[in-house]
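Comments concern the structure below.
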Amino acid sequence: MISPVFALIFGVLVSQPAFGLPSKITDVDDWCVVTEFDEVAKAVKNCTNIILDSVQVPGGETLKLHLNEGTQLIFRGEIVFGYAVWAGPLVEINGTNVYIEGEGAVLNGQGELYWDGKGEWGSLKPKFFTLQLHNSVMTFINVLNSPVHCVQLADSTDVELSFWTIDNWAGMPEVAGADKCGHNTDGFDIWNGTNIRLTTNMVFNQDDCVAIRCGNNIFVDQMSCFGGHGLSISVGFSNESVQQNTLSNVIVSDSVIQNGENGIHIKTHVDGGLGSITNVTYKNILIREVTKYGINVQQNYRNQPANSSQPSDAKNNIPITNLTFDNIFGLVQESAVPIYINCAEDGCFDWTFNDVNVTGTKSNNCNFQPAGFTC
Ligand SMILES: *[C@@H]1O[C@H](CO)[C@@H](O)[C@H](O)[C@H]1NC(C)=O
Ligand SMILES: *[C@@H]1O[C@H](CO)[C@@H](O)[C@H](O)[C@H]1NC(C)=O
Ligand SMILES: *[C@@H]1O[C@H](CO)[C@@H](O)[C@H](O)[C@H]1NC(C)=O
Ligand SMILES: *[C@@H]1O[C@H](CO)[C@@H](O)[C@H](O)[C@H]1NC(C)=O
Ligand SMILES: *[C@@H]1O[C@H](CO)[C@@H](O)[C@H](O)[C@H]1NC(C)=O
Ligand SMILES: *[C@@H]1O[C@H](CO)[C@@H](O)[C@H](O)[C@H]1NC(C)=O
Ligand SMILES: *[C@@H]1O[C@H](CO)[C@@H](O)[C@H](O)[C@H]1NC(C)=O
Ligand SMILES: *[C@@H]1O[C@H](CO)[C@@H](O)[C@H](O)[C@H]1NC(C)=O
């Protein structure tokens with residue numbers, strides 16, 4: 001796992017829970033303690049206070065946790081997921097009013113056995129977590145070596161994910177080599193979420209640190225992102241559903257993004273259907289040492305294999321309205337464009353940038369000028 005030195009470098013701050021959620025584990029007498037994978041299903045069915053201690057999950061099996069309402073779940077020890085060529089997920093959690101906490105546990109996906117530098121475009125790899133939660137908290141979760149995407153939080157309301165460490169350090173190209181590195185190892189992907197808060201999480205990976213896809217009222221703060229592709233918004237995954245291509249009321253704040261490709265990345269997909277992005281604020285963000293873009297807002301995005309070039313024509317199928325950047329500082333590597341904005345015609349409206357200073361060697365490249373900022 002990551003040495004505590006990094007935690008000190010990034011400096012985590014303690015913050016308040018949101019939305020009046022369940023606030024901590026309550027001690028009770030009747031914990032169901034599970035140490036064998038075969039006992040999980042019964043405990044999940046029968047108990048509301050569960051400890052999963054050092055369970056070894058066989059390859060090709062999902063640790064399925066469809067929890068009773070109000071369940072408290074604790075992870076302990078090292079939980080290892082056996083290798084198998086399959087799509088996963090390794091863990092599926094559904095719950096309402098649940099509180100899930102890691103007590104020093106490590107969930108080890110053994111990504112190093114899968115990584116081939118190609119992510120979802122290479123051999124089949126299991127996704128790690130699929131979560132569908134309501135009025136719930138999941139906290140102090142340590143994840144090691146995610147084969148591909150780590151967290152998919154979907155169709156959820158009033159959720160807080162806090163104090164996670166997603167450690168895909170071993171999958172960095174510099175560490176693993178280009179042919180054995182992780183790719184598409186997104187930290188947190190949020191699909192159709194309402195009142196979601198990600199706070200005080202640390203991610204070392206090889207794709208988006210966070211990727212918000214659709215939903216309303218989404219708050220991301222005190223993230224420390226290392227090596228990935230940015231604090232991202234990625235909208236347009238659906239060809240048919242306007243709802244699935246609609247994102248509104250987002251605040252991303254008080255975070256640091258270091259190394260990796262991009263700092264802030266907002267992308268609308270040219271091959272998706274109609275939708276919109278409205279009322280998004282990024283504030284108090286520090287970007288350091290990224291290699292491609294400090295800030296990249298592009299309406300010409302297409303999800304493609306590593307190293308592909310993007311289509312040249314931007315499209316306005318998903319207009320970006322009321323985008324605010326406030327107090328964004330950064331210094332990028334020589335290879336990177338500090339600020340890149342590629343809007344389609346009639347694609348971008350009412351943007352305001354205050355105190356945005358991202359510098360590097362290359363020039364900025366913008367075809368749209370936000371108020372308060374000269375590109
Ligand atoms: C769990 O099962 C035991 C019997 O095996 C039963 O006594 C107990 O009430 C059950 N607990 C719950 C929460 O269903
Ligand atoms: C992507 O480009 C890098 C640098 O040129 C190379 O090392 C790597 O193998 C390429 N990855 C893929 C999947 O083609
Ligand atoms: C559990 O959540 C998954 C997605 O995470 C969803 O596909 C499934 O339908 C849910 N199951 C139940 C019983 O809610
Ligand atoms: C979004 O999630 C809500 C539950 O929070 C669900 O009722 C709704 O059907 C979902 N929408 C789509 C398009 O899946
Ligand atoms: C939408 O449909 C087009 C044409 O059928 C296809 O090329 C594209 O991949 C689809 N996009 C998505 C996001 O499913
Ligand atoms: C913009 O989003 C924030 C965060 O959800 C919210 O507090 C604010 O009211 C929204 N503004 C408008 C005009 O909807
Ligand atoms: C967009 O911003 C304008 C002012 O710049 C404000 O009047 C409007 O309420 C905002 N709308 C949303 C949906 O945020
Ligand atoms: C922007 O930051 C650079 C250092 O990264 C500094 O030299 C410059 O003065 C700053 N500009 C403004 C307007 O603050």
Side-chain angles (χ1 to χ4, degrees), residues 18-19 41 44-45 62-69 71 87-98 100 126-136 138 149-159 161 188-199 212-221 233 244 246-254 258 263 276-283 285-290 294-295 320-334 336 338-339 349-364 372-375:
F19 321 122
V44 164
K45 198 160 180 231
T62 296
L63 180 60
K64 214 176 253 191
L65 304 169
H66 293 185
L67 303 171
N68 290 313
E69 185 167 351
T71 290
L90 302 179
V91 184
E92 179 176 281
I93 308 182
N94 302 49
T96 299
N97 301 329
V98 301
I100 302 168
K127 291 186 175 165
F128 214 126
F129 293 89
T130 316
L131 309 177
Q132 190 173 308
L133 300 171
H134 301 284
N135 202 55
S136 295
M138 199 164 168
H149 305 79
C150 188
V151 176
Q152 307 289 307
L153 175 68
D155 303 328
S156 295
T157 56
D158 304 291
V159 174
L161 305 182
F188 298 91
D189 291 338
I190 305 173
W191 302 87
N192 183 27
T194 303
N195 299 340
I196 307 298
R197 183 170 186 216
L198 304 188
T199 182
I212 308 172
R213 274 85 191 272
C214 59
N216 180 39
N217 280 345
I218 297 175
F219 305 90
V220 176
D221 64 84
I233 285 175
Q244 285 173 35
T246 300
L247 177 65
S248 55
N249 303 344
V250 174
I251 301 178
V252 180
S253 68
D254 305 295
Q258 188 163 335
S276 63
I277 297 176
T278 321
N279 186 24
V280 171
T281 298
Y282 280 82
K283 65 181 177 196
I285 309 283
L286 178 63
I287 298 165
R288 299 186 58 205
E289 308 265 307
V290 298
I295 295 172
I320 304 173
T321 308
N322 285 33
L323 175 66
T324 303
F325 281 17
D326 195 358
N327 192 30
I328 313 292
F329 275 75
L331 184 58
V332 302
Q333 291 194 16
E334 268 179 28
I339 299 179
F349 306 93
D350 297 316
W351 293 16
T352 306
F353 284 18
N354 296 312
D355 297 322
V356 172
N357 183 3
V358 180
T359 54
T361 310
K362 288 194 173 172
S363 309
N364 293 336
F373 178 77
T374 308
C375 191

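Indexing begins at 1, ligand by ligand and atom by atom, following the structure's order. Start at 1 with the first residue, then count along the sequence.
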Would you call Lys64 and Val44 a side-chain contact if the rule is heavy atoms closer than 4.5 Å?
-> no
Can you name the one residue among Asn195, Asn94, Thr157 that meets side-chain hydrogen bond (donor to acceptor under 3.5 Å, both in side chains) with His134?
-> Thr157
Which atom names give the shortest non-hydrogen contact between Ala336 and Lys362, and what distance separates them?
-> O-CB, 3.5 Å
Should the pair Phe353 and Phe325 be assigned to parallel (<30°), tilted (30 to 60°) or perpendicular (>60°) ring geometry?
-> parallel
After noting the C-alpha distance and the side-chain angles of Val280 and Ile212, does the key distance pass the side-chain contact (heavy atoms from CB on, under 4.5 Å) rule?
-> CA-CA 11 Å; Val280 171; Ile212 308 172; over 6 Å; no
With heavy atoms only and a cut-off of under 4.0 Å, state how Asn322 meets ligand 6: side chain, backbone, both or neither.
-> neither
Heavy-atom contacts with Gln132 under 4.0 Å: which atoms of ligand 3 show up? List them by number with element.
-> 2 (O), 3 (C), 4 (C), 5 (O), 6 (C)
Does Asn94 reach ligand 3 with a nitrogen or oxygen that is under 3.5 Å from one of the ligand's nitrogen or oxygen atoms?
-> yes
Taking only heavy atoms of the protein into account, state which residues are under 4.0 angstrom from an atom of ligand 8, in chain and number order.
-> Asn357, Thr359
Any side-chain heavy-atom pair of Phe373 and Ile339 under 4.5 Å | yes
Distance-only polar pair, side chains of Asp155 and Asn192, donor-acceptor under 3.5 Å = yes
